[in-house]
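Note sheet for the following structure.
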Amino acid sequence: MISKTRFAPSPSGLLHLGHAYSALFAWERAGREPSNFILRLEDIDIGRCKPEFETAIIEDLNWLGIDWETAPLRQSGRLIHYKKALTILQAQGLLYPCFCTRKDVEREVQAAANAPHGPEGWLYPGTCRHLTESERGQRIAEGQLHAFRLKMKEAQEAAGPLIWIDRNVGEIAANPSVLGDVVLVRKDIPTSYHLAVTVDDAAQGITLVTRGEDLFHASHLHRLLQALLGLPVPVWEHHSLILDEEGRRFAKRNEAVTLKHLRETGVKPNDILERIGL
Ligand code: GLU
């Protein structure tokens with residue numbers, strides 16, 4: 001079945017073989033049809049994203065034979081849409097400001113006897129959840145930087161039981177609590193990966209979300225956000241990650257496996273397809 005898919009890299013570095021796999025996977029599922037394939041530049045982390053990486057991404061994808069009809073979407077130009085989504089969650093009373101630094105949380109987690117952990121490490125212990133309204137107001141008035149976290153328990157209660165479908169696994173009961181009270185608005189950026197990706201997948205009519213299995217758990221949360229925001233629900237397909245000869249994931253800092261380096265040193269797109277087994 002042909003779907004509308006997307007490839008959504010962050011232009012914070014050069015693409016490597018792992019990205020080539022992910023992009024070609026989405027391209028295959030789009031039936032190699034430019035009108036079914038979206039390139040989205042997840043550039044909300046403006047400090048780390050650079051125009052030269054955007055250019056290289058587009059060149060790399062075209063070199064691999066991937067093409068699209070819709071102009072690439074930059075998330076940095078969509079902050080107003082993320083703000084609207086936040087307002088909806090705020091109106092449901094499902095967010096709270098969090099003033100903690102990473103260090104604060106780590107200290108607290110270490111001090112606790114049984115700090116809860118999820119698939120990505122510790123879960124937020126809920127420190128700022130218990131602040132009073134006047135404490136919150138005072139800290140905000142003092143100009144203390146704060147993120148916004150989702151009240152996971154209340155959010156799940158508001159949405160009720162949910163299911164989602166992964167093409168490889170089948171029907172899955174959504175269990176977003178494995179991620180705890182996640183950050184939906186970062187301290188430094190007025191959104192987060194989770195919020196932006198959910199809003200944009202809906203806005204762009206994506207019917208099949210393809211991405212690496214390292215993000216499998218994020219899909220539980222995205223399903224919950226879709227329910228709370230009244231957004232359409234796609235199907236998911238999480239692919240396995242390709243690894244280097246030593247069994248490690250490819251990293252942006254390893255220049256030798258960047259697509260730019262490979263194409264500039266005479267490697268052909270077919271060699272890449274063979275190397276990644278697609
Ligand atoms: N920007 C994310 C990444 O590069 C996209 C993940 C996704 O496809 O949802 O990992």
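As the structure lists them, so they are numbered: ligands from 1, and atoms in each ligand from 1. Note that the numbering runs from 1 along the sequence shown for the chain.
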Any salt bridge between E54 and K50, counting N to O under 4.0 Å?
-> no
Sub-4.0 Å heavy-atom contact, H19 with ligand 1 | no
Nearest to atom 8 (O) of ligand 1, what protein heavy atom do you find, and at what distance?
-> R6 NH1, 2.7 Å
Could you check whether the rings of F216 and W164 sit parallel, tilted or perpendicular, using 30° and 60° as the cut-offs?
-> tilted
Given that the side chain starts at C-beta and the backbone is N, CA, C, O, which of these parts of V209 lies under 4.0 Å from ligand 1, counting heavy atoms, or is it both or neither?
-> neither
What residue and atom, counting heavy atoms only, is the protein's closest point to atom 10 (O) of ligand 1, and at what distance?
-> L215 CD1, 4.0 Å
Those atoms of ligand 1 less than 4.0 Å from some heavy atom in V197 | 9 (O)
Among L243, T258, I242, the one residue meeting side-chain contact (heavy atoms from CB on, under 4.5 Å) with F250 | I242
Which residue owns the protein heavy atom closest to atom 5 (C) of ligand 1, what's the atom, and how far is it?
-> A8 O, 3.2 Å
Before giving the answer on side chain to side chain donor-acceptor pair (under 3.5 Å), spell out for Q204 and R40 the whole-Å C-alpha distance, their side-chain angles and the decisive distance to 0.1 Å.
-> CA-CA 10 Å; Q204 297 196 286; R40 184 190 307 142; 2.9 Å; yes
Considering only heavy atoms of E42, which atoms of ligand 1 have at least one such atom less than 4.0 Å away?
-> 1 (N), 2 (C), 5 (C)
Does any N or O atom in Y193 lie less than 3.5 angstrom from one in ligand 1, N or O only?
-> yes
Decide, yes or no, whether a salt bridge links R248 with E246 under the criterion of side-chain N to carboxylate O below 4.0 Å.
-> yes
Is the closest heavy-atom distance from F7 to ligand 1 below 4.0 Å?
-> no
Which atoms of ligand 1 have any heavy atom of S10 under 4.0 Å away?
-> 1 (N)
Are the side chain of K187 and the backbone of C100 linked by a donor-acceptor contact shorter than 3.5 Å?
-> yes
For the side chain of D166 and the backbone of V169, is there at least one donor-acceptor N/O pair under 3.5 Å apart?
-> yes
